[in-house]
Amino acid sequence: MKSTGGSDAEKRAAGESAAEAVEDGAVVGLGTGSTAAHAIRAIGRKVDSGLDARGIPTSFQSRELAKEAGMPLTTLDETDAVDLAIDGADQFSGPHLVKGGGAAHAREKIVDAAADRLLVVADPSKEAERLDHPVPVEVLPDARTTVAAEIRALGGSPTLRSAERKDGPVVTDNGNLVLDCDFGEIPNPAELATDLAALPGAVEHGLFVGMADEIHVGREDGVEVEE
Ligand code: ABF
């Protein structure tokens with residue numbers, strides 16, 4: 001699992017802190033990434049000790065991890081409500097997030113938006129005064145060139161994400177491609193989110209505007225919860 005930014009101890013502290021919020025009977029959205037993985041393992045241990053909770057994975061990776069952790073799984077089709085989601089981020093500024101470093105942001109956004117509460121788990125390297133992280137945009141393969149042109153027209157610089165361990169592009173769990181779009185500093189995330197959502201062939205972008213209810217920031221000496 002690719003790990004970014006802060007230390008594993010910081011990520012673990014954040015993940016385990018958010019996992020404490022999972023109560024008996026809960027349906028939990030399970031985020032992707034190395035920090036959310038700590039939360040999934042911690043919830044798995046609680047399930048092992050008798051907690052009744054079901055998870056909705058946001059990626060192949062989080063599904064496999066949840067199965068390994070012994071967590072019962074469900075889907076959005078089978079449940080009326082998602083009590084909370086626990087998910088990582090590539091960058092956060094207040095309640096605004098950039099996500100999609102794991103190319104799972106389309107499913108993450110569906111599950112996180114369906115949840116009553118979104119608990120973001122992060123290490124301190126993810127915090128920014130203003131968002132300036134490149135925004136991942138998942139595109140239908142046929143639309144990669146036209147969406148890239150539209151991104152340039154919006155002032156961004158798109159790069160097709162390529163796979164690290166083999167030749168060719170990253171392919172998402174949905175069979176699509178990812179353009180990492182550098183806009184520099186993003187003064188108005190809501191406006192950019194609206195523009196990106198309007199592009200034909202763009203399946204989902206990684207701006208999660210105002211979506212975080214709590215951010216659990218793991219530090220070497222404890223956890224700070226920002227609300
Ligand atoms: C997923 O994993 C992504 O949306 C986000 O890009 C990334 C964070 O990974 P990590 O916790 O490993 O830094 O949640």
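Note that ligands are numbered from 1 as they come in the structure, with each ligand's atoms numbered from 1 the same way.
Below 4.0 Å from some heavy atom of S34 lie the following atoms of ligand 1, by number and element: 10 (P), 11 (O), 12 (O). Numbered from 1 in the order shown, with element, the atoms of ligand 1 that lie under 4.0 Å from a heavy atom of D87 read 14 (O). Counting atoms of ligand 1 from 1 in the listed order, those under 4.0 Å from a heavy atom of G88 are 14 (O). Each of the following atoms of ligand 1 lies closer than 4.0 Å to a heavy atom of G102: 6 (O). Which parts of ligand 1 touch G33 is read off a 4.0 Å heavy-atom cut-off, strictly below it: atoms 2 (O), 9 (O), 12 (O). Here is the list of ligand 1 atoms found below 4.0 Å of a heavy atom in D90: 5 (C), 6 (O), 7 (C), 8 (C). Using a 4.0 Å cut-off to heavy atoms of K126, the atoms of ligand 1 that qualify are 10 (P), 11 (O), 13 (O). Proximity to T32 (heavy-atom distance under 4.0 Å) selects the following atoms of ligand 1: 1 (C), 2 (O), 14 (O).
Neither the backbone nor the side chain of D123 has a heavy atom within less than 4.0 Å of ligand 1.
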**OP:** Give the intermediate values and the outcome of salt bridge (Lys or Arg N to Asp or Glu O under 4.0 Å) for residues R219 and E10.
**Re:** CA-CA 5 Å; R219 303 185 189 280; E10 291 168 334; over 6 Å; no
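Remark: among candidates H133, E108, H105, the nearest residue to atom 4 (O) of ligand 1 is E108, based on non-hydrogen atoms.
Under a cut-off of 6.0 angstrom, the local environment of CG in D142 is sparse, with at most 12 non-hydrogen atoms contributed by other residues, nucleotides or ligands.
Looking at residues two or more places apart in sequence or on another chain, you find a salt bridge (Lys or Arg N to Asp or Glu O under 4.0 Å) between E64 and K67. Residues passing the salt bridge (Lys or Arg N to Asp or Glu O under 4.0 Å) test with E214, sequence neighbours excluded: R117.
Looking at I186 and H133, their side chains never come closer than 4.5 Å, going by heavy atoms from C-beta outward.
The backbone N or O of E129 sits less than 3.5 Å from a side-chain atom of S93, completing a donor-acceptor pair.
At under 3.5 Å, a nitrogen or oxygen of G100, whether backbone or side chain, sits near a nitrogen or oxygen of ligand 1. Backbone and side-chain nitrogen or oxygen atoms of G101 are examined, and one is located within less than 3.5 angstrom of a nitrogen or oxygen of ligand 1.
Using a non-hydrogen distance threshold of 4.0 Å, A104 does not register as a contact of ligand 1.
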